[in-house]
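The chains referred to below are lettered A, B, ... by the order of the sequence lines, with proteins before strands, and numbering in each begins at 1.
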Amino acid sequence: MQIAKVIVDVPARGTDRPFDYLIPESMRDWVEVGSRVGVPFGHRTVQGFVISLDPQSQTETFKMKPIQEVLDIIPPLSPELVELAQWMSREYACRFITALQVMIPTALKGKAERYISINHSDVDQHEDIEYRETLFAEVSSVNKEEQDIISFIAQKSEVTTQQLSKAFPECAVALKSLLKRGLLQENQSIKDKMQKKTIKGVNLAISSEAAQEIIDQFPAKAARQKEVLQFIVDSIDFLPVAMKTIMSALQVSSGTVKSLVEKGYVTLDDYEVLRDPYKGRHFKPTTPLTLNEEQRRAYDQIMNPLNAYKHGVFLLHGVTGSGKTEVYLQSIQRCLEQDRQAVVLVPEISLTPQMVDRFKGRFGDLVAVMHSRLSGGERYDEWRKIREGKASVVVGARSAVFAPFSNLGLIIMDEEHETSYKQEESPKYHARNVAVRRAQSSGAVVILGSATPSLETYHAAKSQANPDFSPWLLEMPTRALGNKLPDVEIVDMREELREGNRSMFSRSLHAAIVSRLEKKEQMVLLLNRRGYSTFVMCRGCGYVAGCSECDISLTFHQKSNNLRCHYCGYAEPVPQVCPECGSEHIRYFGTGTQRVEEELAKLFPGIRVIRMDVDTTTEKGSHEKLLKQFGDRQADVLLGTQMVAKGLDFPDVTLVGVITADSALNLPDFRAAEKTFQLLTQVAGRAGRHHLPGEVLIQSYTPEHYSIIHASGHDYTSFVREEFNHRRVLHYPPYCRLILVTMSHEQLPLLLRMAENMTSTIQGKARQRGWFGNLDRLTPDALDVLGPVASPIPRIKNRYRFQCMIKWRGNIDAIGLVLESAEQIEDSLHDKNFQISIDIDPQMLM
DNA sequence: AGCACGCCGACT
DNA sequence: GTCGGCGTGCTC
C-alpha cells in the first residue's frame with residue numbers, strides 16, 4: 001500500500017505543506033509524482049499535485065481520505081520539476097504550491113465545479129426509473145417546488161449549481177433542505193479552464209473494400225453521397241478527414257455527410273487539434289554557417305561538457321553582431337543529435353518575429369514558442385507539444401525555463417543581463433538561477449549570452465568563488481562579418497543650450513537626420529525614458545493629476561485619451577481645465593515618444609516615422625507589423641523606447657540616435673549606471689551591421705559619466721572595472737546579496753509600528769546567531785538591515801507601504817531568517833490586513 | 001482560501 | 001425564545 005503526498009492548491013501558510021491521501025486501487029497506475037489530482041479537502045474538492053509516493057507507514061490512516069480523481073493522462077509535471085519547485089520555495093521564500101503552479105499553463109488551473117444529483121441509495125432496488133422517481137417523491141413527502149427540482153435533475157441525471165439556479169432562481173432554501181434530508185447529493189469535480197480545441201473529423205466505419213462495393217451499387221439519386229464516400233475512400237491514407245475539407249473540396253453540406261453516418265458507413269467524431277500560432281507562416285530554411293575562429297573556439301568549449309552529458313555553465317560574452325546566435329544554433333543541433341532537448345530563453349521584449357524566424361528556419365516544426373502574447377489556449381497547446389515530445393526546442397520568455405522536457409540537454413539564455421528574467425510577482429524567481437539549478441540536476445549545459453553581461457554573472461565568472469554558480473567565460477570580441485563597431489559621438493546637450501538650441505535635437509543629430517533622409521538610409525531613434533512617463537501638469541499652479549488610491553501621478557494615454565494609474569488601473573478623462581485653479585494652461589510633461597514624433601514631423605516635413613512604444617504595441621501582432629513595415633522600408637525612422645534597442649537587425653540602418661542618454665542615470669537605483677551602459681551599448685549595436693557603415697549619436701546632459709564614456713568606446717571591461725569599485729565600496733551586489741521586505745497596511749501608524757518591529761526582529765535574530773554586523777567589517781559572514789523607510793511608491797490601492805532592505809553575504813541562511821521573522825510577526829498579530837512581501841535578489845528597487 | 005462551528009445582540 | 005453577526009480554527 002502506498003500513500004500519496006499532495007500539495008493542495010490553497011495558497012495559505014497553514015496549508016502549504018504535504019497532505020496524505022490514499023490511492024484507490026483503480027488509480028494505482030495513474031498516480032505518479034507530478035500528477036495533478038482532485039482531492040477532498042475540508043468540505044470541498046480542490047486541485048493538488050502529488051509530490052511523492054510513500055509506503056504507508058504508521059497507523060495514521062484513520063482520517064486519511066482517498067484521492068478523488070486523476071486529472072491528466074500524462075502528469076503535467078515530472079519528479080525533476082517537482083524537486084525544482086521545492087527548491088524554489090526555499091530559495092525565493094514562496095509557497096510550494098505557487099512554485100508548482102507557475103510551471104504549468106494557467107489553462108490547467110482547475111477549479112472545483114459542483115454537481116447536484118439524486119441520491120438513489122434508499123430506493124435504487126427498483127429498475128424502472130420513472131417508477132423510482134414517483135416512489136422517491138412519495139416516500140419523502142416533498143412539496144411542489146421540491147418535486148419540480150427533483151424532476152429537473154432526474155431528466156439530466158446531473159446538473160451544476162449554476163444550471164440549477166438559472167432554472168430555479170429562488171431554489172436555495174428548497175435545495176438546502178433536499179440536500180440535508182439526503183434526497184439529493186452534491187459531488188464536486190475539478191474542471192479545467194481551457195477546452196481542448198476539436199474539429200469534426202470523418203472516418204470510415206467499414207473496410208475500404210466494403211465501401212467500394214457500396215459505392216458501386218449506390219442509388220443514382222444520392223449522387224452527392226456517393227461522391228463523398230468515394231472521396232473518403234480515396235483519402236484512405238489520411239483518415240480521419242476533416243469535415244471542413246470534404247465540404248470545401250466537394251461543395252457539399254454537412255447534411256450529406258451525416259446521412260452517410262446514419263447509414264453506418266462512416267463515423268463522425270471530434271478530433272483534438274493543436275492550435276498553432278504560427279500556422280500558415282513560412283520560415284525560410286537556413287543551414288549552418290561556417291563558424292569563424294572565435295565562434296569555433298567558443299563552440300568547442302561548449303561541446304566538452306555537452307558531449308560528455310555533463311553539467312556546465314558558460315558565459316558567452318560577445319559584442320553585438322559577433323554571431324552568438326549561430327553558436328546557439330549549432331549547439332542546439334548537437335544537443336538534438338544526442339536525442340536531448342533544448343530551451344532557448346529570450347527577454348520578452350526581444351521575442352520578435354525575427355528571433356523566432358531564425359530558430360524555426362533552422363529546426364522547423366521541432367520548435368515551440370512561448371511568450372505572453374499567445375492566448376491561453378495557444379500557450380496550452382504549445383506546452384502540450386513539448387510535453388508530448390512533438391517539439392524538442394522551445395524558444396520562450398522567462399517561464400519557458402520550466403518547459404516539460406524529459407531529457408533536457410541545453411539551456412540558452414540570450415541577453416542574460418535583462419531584468420525581465422526576474423519575475424516581479426510571486427514566485428519572484430530569476431530565470432537564470434532556476435536555469436542553472438535545473439541544469440545541475442539534469443546534467444545539462446547552460447549558455448548565458450550577452451554583449452553586456454550583468455555584473456553578478458561577470459563577477460561569478462571572473463572570481464570562480466561560488467561553487468553553485470561559476471560560469472566559464474567565453475569571449476567573442478569581434479563582429480562576425482568583419483565590419484567594425486560603429487563610431488559613437490557624444491553630444492553635450494548643455495553646450496547646445498548655451499549656444500541657444502532649445503530643441504530636443506542637437507545640431508549634430510539634426511544634420512545627421514537630414515543626411516540620412518537625402519541618402520535614403522534608415523535610422524533608429526531611442527528615447528530612454530526609464531522611470532519617466534507622460535503626466536499632466538497645470539502651468540498655472542503646478543497641479544499634477546494623481547491617483548487617489550496610490551501615491552503616483554497618472555499617466556497620459558493618447559490612444560484612449562485618458563489618464564491612467566500605472567498601479568491600480570484607475571482611469572479618468574483628461575481634464576480640460578485645472579481642477580485646482582481653473583486655469584486652461586494644462587499640458588503634458590515628460591518627453592514622450594509622441595512628442596518626439598510631433599517634433600520630427602515639424603522639423604522634417606514628409607518624414608515617415610514608425611513609433612514603437614507601449615501605446616502602439618498593445619494589440620496582438622502589432623509589434624510584428626510595425627517591424628515588418630520598417631523592414632520593408634515604408635518608413636525612414638523607427639522611433640521608440642527600450643524595445644527598439646534589442647536584437648533587431650535591419651541592414652539599411654546607418655544612424656542610431658539616442659535623444660537623452662541620462663534620463664535613467666539619476667534614478668535612486670544602484671544599477672542605474674549598469675542599465676544605462678547596457679542600453680546604450682545595445683542600441684549602438686543596431687547600426688551598421690551589414691555593408692553600410694554605422695554612426696551613433698548620444699545626446700547627454702552628463703557626457704562625462706563613465707557609463708556614457710565607456711559605452712561610446714564599446715569598452716565593457718573598463719566600465720565593469722569602474723562599476724565594480726563603486727559596488728564594492730557601497731556594499732551592493734555582486735559583493736553582497738539583497739532581500740527586500742515590503743510591508744503594507746491601510747493604516748499608516750499601525751504599519752509604521754509593524755515595520756519597526758520587523759526590522760528589530762530581523763536584527764535580533766541575526767545578532768543571536770552572530771551574523772549581525774556592518775558589512776564594512778571583514779568578516780566572511782555578515783548581515784545588515786537598512787530601514788524601515790517608505791517604499792518608492794508609498795501607497796498603492798489605498799495601502800501604505802514601507803520596506804526594509806537586508807544586505808548579506810557568506811554562508812548563512814539569511815532567507816530562512818527573514819521568512820521566520822515575517823511569520824513570527826504575522827502570528828503575533830491577527831490582522832489579515834497586514835501584508836508582507838519578500839523579494840530575494842530584487843531587480844527593481846523603485 | 002473557504003467553510004463550519006460557536007458564542008453574543010435585534011427581531012417574530 | 002430564534003436568526004444571524006463575524007472571530008477562530010481546521011483542512012490528510
Side-chain angles (χ1 to χ4, degrees), chain A residues 1-28 30-71 82 86 89 93-102 106 108-116 160-162 165 170 172-177 179-182 185-191 193 425-427 744-746 750 799 822-837:
Chain A
M1 277 293 266
Q2 284 197 313
I3 53 147
K5 288 206 180 292
V6 173
I7 299 290
V8 292
D9 185 12
V10 181
R13 183 140 71 80
T15 52
D16 195 44
R17 61 182 177 84
F19 286 87
D20 296 340
Y21 287 91
L22 298 167
I23 306 169
E25 192 55 48
S26 61
M27 294 180 197
R28 186 112 330 150
W30 298 102
V31 177
E32 297 173 52
V33 173
S35 288
R36 195 168 59 109
V37 292
V39 289
F41 193 68
H43 306 275
R44 63 218 160 103
T45 299
V46 298
Q47 173 177 295
F49 294 92
V50 177
I51 58 151
S52 68
L53 295 172
D54 294 357
Q56 200 176 63
S57 49
Q58 308 90 17
T59 48
E60 286 287 321
T61 48
F62 64 97
K63 54 179 178 178
M64 221 185 276
K65 294 179 185 172
I67 291 176
Q68 198 173 307
E69 54 183 337
V70 181
L71 298 170
V82 169
Q86 187 154 35
S89 70
C94 70
R95 315 243 117 93
F96 199 160
I97 189 63
T98 318
L100 289 165
Q101 222 53 97
V102 80
T106 45
L108 291 184
K109 197 177 156 60
K111 273 195 83 176
E113 188 135 288
R114 295 144 163 255
Y115 297 95
I116 310 285
T160 63
T161 33
Q162 287 98 313
S165 58
E170 313 254 317
V173 175
L175 185 62
K176 262 187 199 163
S177 158
L179 283 167
K180 222 174 217 167
R181 284 186 281 164
Q185 62 185 7
E186 190 195 292
N187 298 311
Q188 295 183 35
S189 178
I190 302 292
K191 191 130 194 321
K193 269 189 194 157
E425 310 91 58
S426 186
S744 68
H745 196 279
E746 288 169 351
L750 221 70
R799 301 175 59 85
E823 289 180 351
Q824 191 176 312
I825 302 256
E826 273 173 355
D827 287 343
S828 73
L829 81 197
H830 330 269
D831 190 344
K832 280 189 198 155
N833 273 320
F834 183 64
Q835 281 170 13
I836 306 175
S837 136

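In this structure, of dC3(B), dA1(B), dC12(C), it is dC12(C) that holds the atom nearest to the side chain of F19(A). Relative to the side chain of H43(A), the nucleotides dC12(C), dA1(B), dC3(B) differ in distance, and dC3(B) lies closest.
To the nearest angstrom, P of dT11(C) lies 16 Å from CD1 of I7(A). One atom, CZ of F96(A), and another, P of dC12(C), lie 19 Å apart when rounded to the nearest Å. For Q68(A) and dC12(C), the CD to P distance is 12 Å, given to the nearest whole Å. The distance from atom CD of Q835(A) to atom P of dA1(B) is 9 Å, rounded to the nearest whole Å. Rounded to a whole Å, the NZ atom of K65(A) is 7 Å from the C1' atom of dT11(C). Distance, Q101(A) CD to dA1(B) P: 15 Å, rounded to whole Å. The interatomic distance linking K111(A) (NZ) with dG2(B) (C1') rounds to 10 Å, in whole Å. Here the P atom of nucleotide dT11(C) and the CG atom of D16(A) are 16 Å apart, to the nearest Å.
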- prompt: Going through the distances and angles, do K109(A) and D9(A) end up as a salt bridge (charged side-chain N to carboxylate O under 4.0 Å, His left out)?
  reply: CA-CA 9 Å; K109(A) 197 177 156 60; D9(A) 185 12; 3.3 Å; yes
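Using a 4.0 Å heavy-atom distance criterion, Y21(A) is classed as a sugar-phosphate-only contact. Within the 4.0 angstrom heavy-atom criterion, base atoms lie near R17(A). Using a 4.0 Å heavy-atom distance criterion, P18(A) is classed as making no nucleic acid contact.
No side-chain heavy atom of I7(A) sits less than 4.5 Å from a side-chain heavy atom of F19(A). Counting heavy atoms from C-beta outward, V8(A) and I97(A) have side chains that stay 4.5 Å or more apart.
With hydrogens and angles ignored, no donor-acceptor pair under 3.5 angstrom links the side chain of R44(A) to the base of dA4(B).
At least one test fails for R44(A) against the ring of F41(A): distance under 6.0 Å to the centre or angle within 45° of the axis.
Without hydrogens or angle criteria, R95(A) side chain to S89(A) main chain gives no donor-acceptor distance under 3.5 Å.
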